[in-house]
Amino acid sequence: MLDKVDLHTHTIASGHAYNTRNEMLAAAKAKGLELYAITEHAPAMPGSCHRMYFVNCRVLPREYRGMAVLYGVELNILDYAGNVDLPESILREMDVVLASLHTPCYQSGSIEENTEAYIGAMKNPYVNIIAHPDDSRFPIDYEKLVKAAKEYHVILEVNNASLSAWSFRGDPRERYQEMLALCQKYQVPVVMDSDAHVDSLVGEHGNACKVLEQAKFPQELIVNANPMKWRGYFNHWYDV
């Protein structure tokens with residue numbers, strides 16, 4: 001499977017990751033990535049960046065030794081209405097915006113409430129990707145999720161870290177099989193992401209790739225295989 005993309009990674013700026021921006025960029029280049037994103041946790045995550053960090057991302061170069069680089073944010077969904085922890089005035093400047101549920105920032109509700117939280121976040125015009133929609137602690141209705149992703153022009157993530165042995169989200173393989181079948185039915189794109197918090201895991205998508213292969217998921221719906229096809233799903237794009 002073609003895979004030249006990683007759109008969900010963190011540096012020490014997120015507070016609980018372990019490498020600098022330059023170390024993560026070097027690791028991405030060494031892995032042969034062509035498009036790489038750093039997406040720090042938004043301010044509601046304990047220990048993460050102040051909102052001014054994201055305002056100042058405009059100063060960062062969008063190229064590293066021939067590799068295109070995007071800078072963005074992993075927003076915290078805060079409530080059942082899908083409110084998030086940065087305003088649209090900042091999000092419109094981000095190259096790529098992910099939104100996700102995290103236990104420090106969100107109290108899990110019913111299947112309906114958790115699903116509405118995701119859908120509310122997708123209604124934000126600057127949210128591009130729903131990250132790790134696979135957590136057993138936040139049960140959801142996958143058909144409603146996928147239909148909303150189609151309606152609001154949002155990519156759904158297959159998160160490699162969720163599929164690792166050390167994941168605390170519960171084994172998501174069965175949930176991913178359900179989601180992927182629906183994504184194929186409704187023609188919704190997905191992206192494999194590492195969710196790397198250390199440089200050795202940048203670009204590592206082996207677990208995610210196996211899940212996609214087991215689902216016989218079509219390569220034409222996988223962003224990693226042809227990112228140019230899906231460039232309209234991002235807030236800003238830079239050709240290198």
Taking the six-membered ring for Trp, are Tyr80 and Tyr106 closer than 6.0 Å centroid to centroid? yes

Arg173 CZ to Leu180 CG distance, which is reported to the nearest 0.5 Å: 12.5 Å

Shortest non-hydrogen separation from Leu101 to Ile77 and the atoms involved: CD2-CB, 3.5 Å

If Ile, Leu, Val, Met, Phe, Trp and Tyr residues are connected whenever their side-chain heavy atoms lie under 4.5 Å apart, and connections chain through other members, are Tyr238 and Val73 in the same group? yes

Other residues, nucleotides and ligands only: do more than 12 of their heavy atoms fall within 6.0 Å of CZ on Arg65? no

Partner residues of His153 under the side chain to side chain contact (heavy atoms under 4.5 Å, CB included) criterion, sequence neighbours left out: Tyr233

Taking Tyr36 as the starting point, is it possible to reach Ile12 by hopping between hydrophobic residues whose side chains are less than 4.5 Å apart? no

Side-chain touch His102/His132, heavy atoms, less than 4.5 angstrom: yes

Which heavy atom of Tyr126 sits nearest a heavy atom of Leu91, and at what distance? CB-CB, 3.8 Å

Is it the case that the side chain of Tyr142 and the backbone of Pro133 share a donor-acceptor pair, with hydrogens and angles ignored and the cut-off at 3.5 Å? yes

Thinking salt bridges, do Glu204 and Lys31 make one under a 4.0 Å N-O criterion? yes

Under the ring-ring contact (aromatic ring centres under 6.0 Å, His included) rule, what pairs show up with a residue in residues 169-193, not counting sequence neighbours? none

Taking side chain as C-beta onward, heavy atoms only, is Thr39 less than 4.5 Å from Leu7? no

Value rounded to 0.5 Å, distance of CG in Leu163 from NE2 in His205: 11.5 Å

Spacing of CG belonging to Leu33 relative to NZ belonging to Lys4, to within rounding of 0.5 Å: 8.0 Å

Is it true that Leu78 and Leu75 fall in one hydrophobic cluster, defined by side-chain heavy atoms closer than 4.5 Å? no

Using side-chain heavy atoms (C-beta onward) and a distance below 4.5 Å, is His10 in contact with Glu74? yes

For the OG atom of Ser136 and the CG atom of Asp171, what is their distance to the nearest 0.5 Å? 9.5 Å

With a sphere of 6.0 Å drawn around CD of Glu178, does it hold more than 12 non-hydrogen atoms of other residues, nucleotides or ligands? yes

Would you say the side chain of Tyr71 lies within less than 4.5 Å of the side chain of Glu40, judging by non-hydrogen atoms? no

Between Phe234 and Asp95, is any pair of side-chain heavy atoms under 4.5 Å apart? no

Ala117 to Asp79 - nearest heavy-atom pair and separation: CB-O, 3.4 Å

Dump the intermediate steps for side chain to side chain donor-acceptor pair (under 3.5 Å) on Arg21 and Thr11, then the final yes or no. CA-CA 6 Å; Arg21 181 182 69 92; Thr11 77; over 6 Å; no

Arg58/Val55 under side chain to side chain contact (heavy atoms under 4.5 Å, CB included): CA gap, chis, key distance, verdict: CA-CA 7 Å; Arg58 66 189 67 179; Val55 170; 3.9 Å; yes

Check residues 217-226 and write down every donor-acceptor pair under 3.5 Å in which the side-chain atom is one partner and the other belongs to a residue at least two apart or another chain.
| from | atom 1 | to | atom 2 | distance (Å) |
| --- | --- | --- | --- | --- |
| Asn224 | OD1 | Met192 | N | 2.8 |
| Asn224 | ND2 | Asp3 | OD1 | 3.1 |
| Asn224 | ND2 | Val5 | O | 3.1 |
| Asn224 | ND2 | Met192 | O | 2.9 |

With Leu25 as partner, the option from Val69, Asn19, Thr20 fulfilling side chain to side chain contact (heavy atoms under 4.5 Å, CB included) is Val69

Are any non-hydrogen side-chain atoms of Arg169 and Asn159 less than 4.5 angstrom apart? yes

Would you kindly confirm whether Leu2 and Ile155 end up in one hydrophobic cluster when ILVMFWY residues are joined by side chain heavy atoms under 4.5 Å apart? no

Between Asn160 and Ala208, which heavy-atom pair has the shortest distance, and what is it? OD1-N, 2.9 Å

Counting C-beta onward and ignoring hydrogens, is there a side-chain heavy-atom pair between Tyr152 and Ile119 closer than 4.5 Å? yes

Smallest heavy-atom separation, Leu98 atom then Ala131 atom, equals CD2-CB, 3.9 Å

Do Asp134 and Ser162 pair up side chain to side chain, a donor and an acceptor below 3.5 Å, judged on atom types alone? yes

Using modelled atom types and a 3.5 Å cut-off, is there a donor and acceptor pairing between side-chain atoms of Thr9 and backbone atoms of Ala37? yes

Backbone of Asp85 reached by a side-chain donor or acceptor of Asn76 within 3.5 Å: no

NZ of Lys210: more than 12 outside heavy atoms within 6.0 angstrom? no

Path from Met45 to Val84 over hydrophobic side-chain contacts below 4.5 Å: no

Min side-chain heavy-atom separation Leu60-Ile38 under 4.5 Å: no

Spatial distance of atom SG (Cys57) from atom CZ (Arg62) [nearest 0.5 Å]: 6.5 Å

Which distance, rounded to the nearest 0.5 Å, do you find between the OG1 of Thr115 and the CG of Asp141? 5.0 Å

Is it true that atom CD of Glu88 has more than 12 heavy atoms of other residues, nucleotides or ligands lying nearer than 6.0 Å? yes

Please check if the side chain of Asp6 supplies one atom and the backbone of Val202 the other of a donor-acceptor pair under 3.5 Å. no

Taking every non-hydrogen atom, the tightest pair across Val127 and Val154: O-CG2, 3.7 Å

Would His41 and His16 satisfy side chain to side chain donor-acceptor pair (under 3.5 Å), going step by step from the backbone distance to the final call? CA-CA 10 Å; His41 285 288; His16 58 272; 3.3 Å; yes

Would you say the rings of Tyr118 and Phe138 are close, in the sense that their centroids are separated by under 6.0 Å? no

